[in-house]
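For reference, positions follow the sequence shown, starting with 1.
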Amino acid sequence: MKELVEVIAKALVDHPEEVVVTESENEKSIVLELHVAQPDMGKVIGKQGRIAKAIRSVVKAAATKSDKKVVVDIIQ
């Protein structure tokens, strides 16, 4: 999951070297935190959050095999 979010985010931003994804896991869920540069926040979130919602949908679909809930947080 971490690699998937990283690839998607790096394709969207102007500063791909500043994209960092951290993963933490507990019994029932996986939390992915996406850190991007301040100027790239709008590109990752999109108008009315559409791009962020699309990223979350793709990750959720990819996570169906793991039987765990996956949460993607976008942090500057």
Working note: Lys68 + Glu25, criterion salt bridge (Lys or Arg N to Asp or Glu O under 4.0 Å); need CA distance, chi angles, decisive distance, verdict.
CA-CA 9 Å; Lys68 290 189 176 185; Glu25 186 173 345; 2.4 Å; yes
Under a single-linkage definition using a 4.5 Å side-chain heavy-atom cutoff for Ile, Leu, Val, Met, Phe, Trp and Tyr, are Val58 and Val19 assigned to the same hydrophobic cluster?
yes
Working to the nearest 0.5 Å, report the span between CD1 of Ile55 and CG of Leu12.
5.5 Å
Rounded to the nearest 0.5 angstrom, the CD1-NZ distance for Ile51 and Lys43 is 10.0 Å
Please find the pair of heavy atoms, one from Val72 and one from Arg56, that lie closest to each other, and give the distance.
O-NE, 2.9 Å
Contact check, side chains of Glu23 and Val31, non-hydrogen atoms, under 4.5 Å:
no
Residues Lys2 and Glu6 bridged, charged N to O under 4.0 Å
no
With a sphere of 6.0 Å drawn around CD of Gln48, does it hold more than 12 non-hydrogen atoms of other residues, nucleotides or ligands?
no
Would you compute the distance between atom CG of Leu32 and atom CG of Leu4 and round it to the nearest 0.5 angstrom?
9.0 Å
Tightest non-hydrogen contact, residues Val59 and Met1, listed as O-SD, 4.0 Å
Going only through I, L, V, M, F, W and Y residues with side-chain contacts under 4.5 Å, is there a path from Val44 to Met41?
yes
So, does Asp73 use its side chain to make a donor-acceptor pair with the main chain of Leu34 at under 3.5 Å?
no
Quick one, Glu3 and Val21 - any side-chain contact, counting heavy atoms below 4.5 Å?
no
Looking only at non-hydrogen atoms, find the nearest pair between Ala63 and Ser66 and report the distance.
O-OG, 2.9 Å
Evaluate the side-chain proximity of His35 to Thr22: yes if any heavy-atom separation is below 4.5 Å, no if none is.
yes
